[in-house]
Each structure stands twice: as structure tokens, then as C-alpha cells.
Amino acid sequence: NAGVTQTPKFQVLKTGQSMTLQCAQDMNHNSMYWYRQDPGMGLRLIYYSASEGTTDKGEVPNGYNVSRLNKREFSLRLESAAPSQTSVYFCASSEDPAGTYEQYFGPGTRLTVT
Amino acid sequence: GQQVMQIPQYQHVQEGEDFTTYCNSSTTLSNIQWYKQRPGGHPVFLIQLVKSGEVKKQKRLTFQFGEAKKNSSLHITATQTTDVGTYFCAGTAPPNDYKLSFGAGTTVTVRA
């Protein structure tokens, strides 16, 4: 039972390059989330998927797209990376979209855009 | 929109001392959750508070939810080196009860 897994762990991109961050969970959770973490700013929600087949914008969605591929997988795509997207990205999942359920976080992807 | 603020941003504690970190919201919260993130790690769920005035304890950690459900606190007694990390509060509020808003966190260092 791996919980939430993310790939890659580290990535360096040049400005304008694209990439996809992968996330998978094996807990049969309905809801999945993508956050970014920057120093002094806590975790900010980028996109979330309340259930398979649905996605919605969070607090900071500009420059990102997501795909809920199936119940297990939720990917985050940067179409044209910018230095402002240098951050640590965390994927999380929870049993249901209601905030009454704890979220389980993956180990994170440390992304640097030069 | 909903904002959750935490103070202090940094807490330097002598081993064995107590400290408290505070979380305040601009709106009434439906619930509040606390997470701990060790250096280089990912956030890990600690606890959830739902009821007005609720108090929960986990060993040396005491969590409170304010009567008005707009603030919360985490009190740690007899701090140990294992308490090092960043503590985040996160709350939900109507109508977006499915989205957690995280505070910026309190980063705790411990002097042995």
C-alpha cells in the first residue's frame, strides 16, 4: 500500500518547456488535489478533482492544466513553464471532497524553472 | 475570499519548554485541520476539529477550536527535538466546504 505517489521527484526546466507531473493513489479515494508550496506561503490549491471525471480550479490555476485519467491518477501539466512556477508541487487525495476528510499527501516534486 | 492566518511564522523553542501557535480566519469555519511537515517532507495529518469550543489532545499536543469557529490553537508541552517541523492549520468554510485553505505555517526549531 504505497499511498500517494508522485513522479518525478526533481525536475529542472527551461523557460517555455512543458512537462507533466504524475500522481497516483491506491487508497480508492474519490478526490484528488494539486498544491504548490512556496516559502512563507503555505500550500495553495491549484486544481482539484472532487470525483472521477470532474476537475475544478483552485486558488492559483493560471499556467496549469489537469487531467483526471481515472480514479487512481491525476496529472498536472505545465504547457509553457515560467520561472514563477518554480516551487514544490504536492498531490493529495481524500476519501471524499468534503473538507471533513483528512488529506493524504504525496512526497512532492521539486521543480526549478530557469 | 477565505483567508487563514497563522502566527508566529517562526518559533524557536528551548527543549523542554512549552509553546503555542495560533490560527485565525476571516470567516467562520466549518472545520479545521492541523498538519505537520518535517523538513524536506510532506504534510501529514494530525487532527481535525469540528465543534465550537472543541479541545482534543494527542500526548503532548493540545488542539483547540474557538467558540466562534474563527480561530484555533496548537499547544505543545515539554517540546522535544522530534517536534521540529512546520505546523499548518487548514480550514473549510461554506459554500466551499470541499476546499481546504491552508495557513502559511509555523516553523518550529528546537534548541537542545
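Letters A, B, ... are given to chains in the order of the sequence lines, protein chains preceding strands, and every chain is numbered from 1.
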Using the rule that Ile, Leu, Val, Met, Phe, Trp and Tyr join whenever any side-chain heavy atoms are under 4.5 Å apart, tell me whether A:Y64 and A:V66 fall into a single cluster.
yes
Indicate if B:V110 and B:L61 have the same hydrophobic cluster label, given that clusters are the connected sets of ILVMFWY residues with side-chain heavy-atom separations under 4.5 angstrom.
yes
For chain A, which candidate among B:P43, B:S30, B:A104, B:G103 shows the most heavy-atom pairs at distances under 4.5 Å?
B:P43
Roughly how far apart are A:E102 CD and B:L46 CG, rounded to 0.5 Å?
10.0 Å
Please check: side-chain N/O of B:Q33 versus main-chain N/O of A:Y101, any donor-acceptor pairing under 3.5 Å?
yes
Heavy atom to heavy atom, less than 4.5 Å: which residues from residues 106-114 of chain A reach chain B?
A:G106, A:P107, A:R110
Transitive ILVMFWY side-chain link A:L76 to B:F102, under 4.5 Å:
no
Does anything in residues 43-52 of chain A get under 4.5 Å of chain B by heavy atoms, and if so which residues?
A:L43, A:L45, A:Y48
B:L29, B:L49: one ILVMFWY side-chain cluster at the under-4.5 Å cut-off?
yes
Donor + acceptor pair across side chains of A:Q37, B:Q37 (<3.5 Å)
yes
Residue part contacting chain B, namely of A:Y104, when any heavy atom lies under 4.5 Å
neither
Show the nearest heavy-atom pair for residues A:G42 and B:F88, with the distance to one decimal.
CA-CE2, 3.6 Å
Would a hydrophobic clustering, with Ile, Leu, Val, Met, Phe, Trp and Tyr connected at side-chain separations under 4.5 Å, put B:V13 with B:Y22?
no
